[in-house]
Each structure stands twice: as C-alpha cells, then as structure tokens.
Amino acid sequence: MTQHGWNKRTHYCGDLRAADAGREVVLNGWVQRRRDHGGLIFLDLRDRAGIAQVVFNPQISPEAHAAAEDIRGEFVLAVEGTVGRRPEVAVNPNLGTGEVEVTARSVQVVSTSKTPPFEVKDGVKVDESLRLRYRYLDLRRPEMAGNFVMRAAVSKAVRDFLDAEGFLEIETPMLTKSTPEGARDFVVPARLQPGHFFALPQSPQLFKQILMVAGFDRYYQIVRCFRDEDLRADRQPEFTQIDLEMSFIESEDIIGLMERMFTKVFAGALGVELELPFPRLTHKEAMSLYGTDRPDLRYGMAFLEFTDVFGSSGFELFKKVAQEGGVVRGFKVQGLTNPTRKQLEALVDKAKELGASGLVWMVGEEGNGLRSPISKFLGPAEMHPISERARFWPGEVLLLAAGSQAEVNELLAGLRAHCIEEFSPEPEECFAFAWVMDFPLFDWDEEEKRLKSNHHPFTSPDPESIPLLEEKPLEALSDSYDLVLNGVEIGGGSIRIHDRELQQRIFNLLGLDPEESREKFGFLLEAFEYGPPPHGGIAFGLDRLVMLMAGRATIRDTIAFPKTQTASDLMAGAPDTISAAQLKELRLRLS
RNA sequence: GGAGCCGUGGUGUAGCCUGGUUAACACGCCGGCCUGUCAAGCCGGAGAUCGCGGGUUCAAAUCCCGUCGGUUCCGCCA
C-alpha cells in the first residue's frame, strides 16, 4: 500500500506466465474489457507490457465481485489476487498471458474513466483527427505503444553503439541563426533585440562541423530538427535525426561504421540479422536502372536499355526518339503473366495518367515470339535482341517507353511503383538497404537560373570531379552517400570541404561572392580559418527508420504527438494566437 | 499554391448517382438474465435536425456554390 492509499504493482500484467502460478500478485492497469457472466466476472487488465485476465468469483471474494460489477472500460485498477493456471479448456492461445489468470481477492478503483470517444483496441479504424485529439487514448492501444517501445530500443541501440565507438553526445542550440539555402525556417522573435529573430535549426549541420574544428573528432546527437515546409505522410515540421560527424576519415569509414550500426540496431530492436555489406549503386545507376534516386530493392523490375535496338527499326516513333538523342527503355513486369487485354489497357491508361503520350507493351509467346501492337513494324533484327535482353518466358510482359532520359525515367519509375502495388504482394518483414553514392554536386535551378547545391554547399566534390568544376559543373559528382531502405530515403551525408580555396570555388559557382558567403555562413567560414580537420558525417531520419521497422505507413505513428497536415496539434491546440501583451513585449504588430 | 478522397448517433459504415415513409446496419453505451468467457451469449433500451453557411426546389443527408476539418499526392522539402 502506498502513502496515497493505492496498492502498488508487484508484476506487469503482460509479464505473467505459467511459471508464476501460485504467486500472490498486485496488478495496476487499465480495464480493456469486462465480461460479466452474472456469477463470474472476467476483466482484461492492460498495462504497458500486455493484458492479463482477472477473474472475480463471488465464492472467493464477494466484496471484489460486487465491486467489479460497477467497473467499466478504461478504469484504473489495483487488483490483488493469486495467479493460477487456467483450466485446460479456457487457455487462450492468442494472449501471451493466456495460460494463466489472476483470481481477485480485492480490487481498488484507483480512478474512473468516461466512456472513451473510440474503442481503445488494436485494429480499429478511427478518424485520424479524433485519434490526434485524444492522443493519450490512441497511444494506449498496444499497436501504437509498441511503436514507441521500438523507437526507444532503436535510440538505445544507436547510443550504445556510438558510445562504444568513441562518439561524444553533444547538444547544439535550438535557438540559432537563419541560414539561406534549404528549407524555410521556423522563426522565433528575440525579445531582448527587437526586430531580430532566431531560427530553429533545420539540422545541426554547421554546428557539428564546428565541433570537428573544435577537435571533438567524433560527435553524435539524437536531435530535433525543424523545417517549415508542407507536410507528407513521411514529413513533419519537427522530426528527429540521428546526426553524427567524424574527423580524419573518408566515406568508406562512415559507410562501414553505419552498416555495423544498423546491424546492431536491427538485432537489438527487431531481432533481425542484416546481411553486410549493403548493396551500392551510383546515383547514375539508380536513375538508369530504377528511374529514382531511392530505389526499392525489395523488387526487381530493373530497367532495360533498348535505344540501340530501335535506332534503325521500322517503328518510326521510337526510331525518331532514338535518333534525336532520346532513349527507349522498359522493364519486365513482375507478378503479371498472360495478361488480359483489359490489364494491358489499364497499364497504358496508367502511363497516360502519369503524363506519357503512350506506352508499348510486349508479351512473350511460346517459341521466342513476341506479341505487341508494334510487332508488325519489327523484324528479326529487333525482335531477337529484345527477347534476348528481356529473357522472356511465355506470357511475361515488357513495358517500353520512349522520350528524353528524364521523361522515360520518371514514367517508368511511376509504372514500376504501380506494378509493385498492383501485382507484387508486400513481402513480410523484408529490409532492403541500398547506398546511393556519387550524387551530382549541383542541380540547375531553372527558376533562378543558377547552380544549386544538391546536398549543401559544404559537400566535397569527388576528387576526380574537381577538374570539372568550372568547365562542366553539372557533371561534377560529390563525395556523398544516401542510405535507402525499402524505397524510403532514411539518411544521407557526405565528406565536407575543409580546404578554403576549394570552398571558395564552390561558392563562386553557386554565385556567392566572398562577402555574401561571409554574411550567410560567416561563423563556419571563420572557424575554418583556424585549422579545420578533414571531416564528414551523416544523418538519419529516426521517425522514418522506426516507421519502416514497425511496418507503419506514416511517421505520425512513430511520433508521440505529431501534427496534422496543416501543422496543428489537435490535442494541445497549437498553434494559437498570443495576447496583445505578449505581442507588445516582443514589439510585434500583426498586419 | 494546385489536384484527388473523406466528413451521417460515441465509433465505423450504408443511404447520396436517380430529391419525397419513422435515416439502416455493426460495434460501443445503458438496463436485465447468465459460473469459464476472452470479438462472451440472450432479451430490452437510449442515442444522429446527416461538418458548417448559403442557394435551387412544394420538398435536400441526397443537387449546386462557398467554407471548415482530416487525409493522400504534385509543387515545396534532403
């Protein structure tokens, strides 16, 4: 009995097992369900660990039985009783605790509950706004609670691993300076300096590089980041990164270390053995094989090249595209054989929906033949290489598209995603990692007519690309690496520039003169004047990682208190207006 | 900024296209019966002016316009 008069638990409900039979226990928990048989009353009591059945028998304790008659769902109880094996016929194999039950000797109603606005149990479909408003009830559901157990296990495995590898956990400011490039900043008015504003960090990027200049050598942090951009299923305005940076290393060091970290994380949090090393693709390979820089390698359907075949074919449309510098590519659909006309038409319709003018299909036939709307234009000179390259089995389907490289990649990537959804059942608990390396250093910003950093302005070019910088900047590659898991980008990083001269060349290419760059990134550049070590790092999206590990479709399910698509917190009621007095104090006036 | 989907008792849905009866079903909730249930069972009951505002019409959950909220995607964002 506690000072406050309630009985303290001796065991978690969900932990009881046959070996506990005969024990006197006290359980604390919430009432999942009551089954009142008039004589016997059964209560399912839930806590963090799981559910246990409590039996109220009037012959054992008339008081407890009488009390149980008034108990309702979500009441908080302290139950005192004896663990017993259930009768053979009453064992519940669906419950971890299904071999035992607790026969109550006494029960305390520690607190009562209103009837909840939705049923607190797994597998219920409830409007998300209601779940968010009553988040504490949503989080009581075991499938939600489990996500946070997983999340904590992942964080712990990361900390244990990095700590053992000699990393220091160091915090960086939440109130910092707005930086150009990248996402829109969240901004905080500075009361002591009217007209000035802090920005919340989009990531600790600059600070972690300065920690390298400071000589900490190995830094990490599990840290909140803020970006004021529109939301998605996998994007929240505040999210958590596993952020790290190392000195005196090259990309292979980071990649190898992270592969080992993920084996620990998956073993520790999921009990899953990962195979090392993770497959690697260059950015160029990813784009030409899968049309995206974050390919989902759980599925095949890599793109095949047919531009050469059609360059001199009788099919004018493709011939023209091939001769004018375009490409003809396609892929064989996995999971679809002997398609009906309707299925083929649906694929063509899908292509049109994705913005294509058309789509050519081919179906393999017995004896190396091919059935296709364009087969009358093709001779053996085309047919042979096509069927050879596609390795057709009878009934298999090849989809072909033609156009500019970018158009074809985008279309085929869309179709591949559609085919995965349509024809490939999602594999159970399969984790397909892939490193995507050697991203372009710059992208061309059509609106502003200038180069932009693909990653950020401190990303080192690949050494072999340095001579290309001024001549062919768009062909320059960076010394960078993204990690993709099941088609979701879960992290990325790079080796940074520590050479002032090289950094200035990059700024020049980005159209930043020395004064501008000093204005925008001054404190980092100044630090770099005092002996910056060679360094590099990486950051992972913890919310996304846990989402994939827990098999969820949105990071809202891995963030305890997430925001809606319009960035409001329906439980807390944020954002909200502030008082006139607060505004005045901040010297702000609303327009 | 743009496009799609959703909004009907506490919850999830049907009804809406083709306007007209007492808005239907399941779960939950309340009461009664019931000593082996665990999606308990059986009997009975309460509970919705159909997100909100406007319009069309003799008549609107249903058709039209606007708006709010949730969600997915594009733009945006590493």
Side-chain angles (χ1 to χ4, degrees), chain A residues 32-45 51-60 65 69-70 72-74 84 86-95 97-98 101 103 113-134 137 181-185 202-203 205 225-237 239 241 243 293-294 353-355 410 414 417 436 439 443 445 447 452-456 459 478 480-484 488-494 538-541 544 553-554 556 562-568 570:
Chain A
Q32 175 77 36
R33 223 167 156 68
R34 189 176 69 113
R35 290 176 295 280
D36 185 347
H37 284 232
L40 288 180
I41 295 175
F42 298 97
L43 282 187
D44 292 336
L45 201 63
I51 286 174
Q53 174 165 280
V54 182
V55 193
F56 293 84
N57 187 330
Q59 283 160 4
I60 289 170
H65 181 267
E69 288 189 327
D70 294 325
R72 294 294 181 269
E74 302 309 320
R86 296 190 186 190
E88 197 75 30
V89 290
V91 166
N92 183 349
N94 301 319
L95 218 54
T97 59
E101 61 192 2
T103 304
S113 170
K114 290 204 221 176
T115 300
F118 53 87
E119 289 176 67
V120 181
K121 65 178 187 188
D122 284 350
V124 288
K125 265 176 65 187
V126 185
D127 188 73
E128 187 139 3
S129 57
L130 205 63
R131 289 175 52 201
L132 290 173
R133 173 152 175 224
Y134 298 95
L137 299 179
E181 313 265 326
R184 192 178 295 116
D185 287 315
Q202 295 176 25
S203 80
Q205 183 63 37
C225 303
F226 305 87
R227 291 179 192 164
D228 188 8
E229 297 292 348
D230 287 3
L231 291 83
R232 289 285 188 283
D234 62 355
R235 265 164 43 187
Q236 283 273 308
F239 60 99
Q241 279 190 349
D243 188 52
D293 58 10
R294 43 184 180 87
E353 192 188 310
L354 291 167
E410 197 184 334
V436 181
F439 275 70
D443 294 320
D445 186 324
E447 262 175 43
K452 277 207 160 168
S453 290
N454 177 292
H455 198 69
H456 59 64
T459 305
S478 59
S480 63
Y481 29 82
D482 270 18
L483 187 61
V484 175
V488 176
E489 186 208 317
I490 58 166
S494 63
I538 193 164
F540 299 97
R544 283 185 186 175
T554 162
R556 290 189 302 279
K563 306 214 171 10
T564 68
Q565 194 156 54
T566 49
S568 45
L570 295 180

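Each chain gets a letter, A, B and so on, in the order its sequence line appears, and its residues count up from 1. Worth knowing before you read on, the calculation uses all heavy atoms, side chains too, and leaves out hydrogens, waters and symmetry mates.
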Report the nucleotide, chosen from [options], that has the shortest atom-to-atom distance to any side-chain atom of [X].
X      : options                : result
A:H37  : B:rU72, B:rU35, B:rG70 : B:rU35
A:E128 : B:rA78, B:rU71, B:rC38 : B:rU71
A:K125 : B:rU13, B:rG36, B:rC76 : B:rU13
A:V126 : B:rG12, B:rU37, B:rC34 : B:rG12
A:S568 : B:rC76, B:rG70, B:rG36 : B:rG70

Mind listing the N/O atom pairs, protein and nucleotides 48-51 of chain B, below 3.5 Å?
none

Under 4.0 Å, heavy atoms only, any strand: does [X] hit a base, just the sugar-phosphate, or nothing?
X      : result
A:I51  : nothing
A:T566 : sugar-phosphate
A:R544 : nothing
A:H455 : base
A:L570 : sugar-phosphate
A:D482 : nothing

Minimum heavy-atom separation for A:S203 and A:C225, please, with both atom names. CA-SG, 3.8 Å

Looking at A:Q241 and A:A539, what are the two nearest heavy atoms and their distance? OE1-CB, 3.5 Å

Run the side-chain contact (heavy atoms from CB on, under 4.5 Å) test on A:T564 and A:L132 for me, step by step, so that the C-alpha distance in whole Å, both residues' side-chain angles and the decisive distance to 0.1 Å come before the verdict. CA-CA 8 Å; A:T564 68; A:L132 290 173; 3.7 Å; yes

Set out, line by line, the N/O atom pairs under 3.5 Å between protein and nucleotides 1-7 of chain B.
residue	atom	partner	partner atom	Å
B:rG1	O6	A:D230	OD2	3.3

Can you list everything that forms a ring pair (Phe, Tyr, Trp, His ring centres under 6.0 Å) with A:F439? Sequence neighbours excluded, please. A:H283

Can any side-chain N or O of A:R34 pair as donor or acceptor with the backbone N or O of A:D70 at less than 3.5 Å? no

Hey, is the side chain of [X] poking within less than 4.0 Å of OP1 or OP2 on [N], counting only N and O atoms?
X      : N      : answer
A:S129 : B:rG69 : no
A:Q202 : B:rA78 : yes
A:T554 : B:rU71 : no

Run the side-chain contact (heavy atoms from CB on, under 4.5 Å) check on A:Q53 and A:R35 step by step: do they pass? CA-CA 10 Å; A:Q53 174 165 280; A:R35 290 176 295 280; 2.9 Å; yes

Pair A:Q202-A:D185, side-chain contact (heavy atoms from CB on, under 4.5 Å): steps then yes or no: CA-CA 7 Å; A:Q202 295 176 25; A:D185 287 315; 2.7 Å; yes

Tell me whether the side-chain N or O atoms of A:R34 pair up with the base of B:rC38 as donor and acceptor below 3.5 Å, since no angle test is needed here. no

What I want to check is whether an N or O donor and acceptor connect the side chain of A:R227 with the base of B:rC77 at under 3.5 Å. no

Find the distance A:H456:NE2 to B:rC77:P and express it as a whole number of Å. 16 Å

Quick one: list whatever passes salt bridge (charged side-chain N to carboxylate O under 4.0 Å, His left out) with A:E128, sequence neighbours left out. A:R556

Could you list all N or O pairs between the protein and nucleotides 26-29 of chain B that sit under 3.5 Å apart?
residue	atom	partner	partner atom	Å
B:rC27	O2'	A:E119	OE1	3.4
B:rC27	O2'	A:E119	OE2	2.7
B:rG28	OP1	A:R33	NH2	2.7

When rounded to the nearest 0.5 Å, the distance separating CD1 of A:I60 from NE2 of A:H65 is 11.0 Å

As an exercise, state the distance from NZ of A:K452 to CG of A:D443, rounded to the nearest 0.5 Å. 9.5 Å

Taking a pair as Watson-Crick or G-U wobble with both distances under 3.5 Å, which nucleotide is matched to B:rC63? B:rG55

Output, in order, the C-alpha distance, side-chain angles, deciding distance and verdict of side-chain contact (heavy atoms from CB on, under 4.5 Å) for A:N92 and A:R86. CA-CA 9 Å; A:N92 183 349; A:R86 296 190 186 190; 3.5 Å; yes

Which atom pairs, one a donor and one an acceptor, fall under 3.5 Å between side chains of residues 115-124 of chain A and the rest of the protein, sequence neighbours left out?
residue	atom	partner	partner atom	Å
A:E119	OE1	A:K121	NZ	3.2
A:D122	OD1	A:E143	N	2.9
A:D122	OD2	A:E143	N	3.3

Kindly confirm whether the side-chain ring of A:F118 is stacked on the base of B:rU11, judged by centres under 5.5 Å and planes under 30°. no

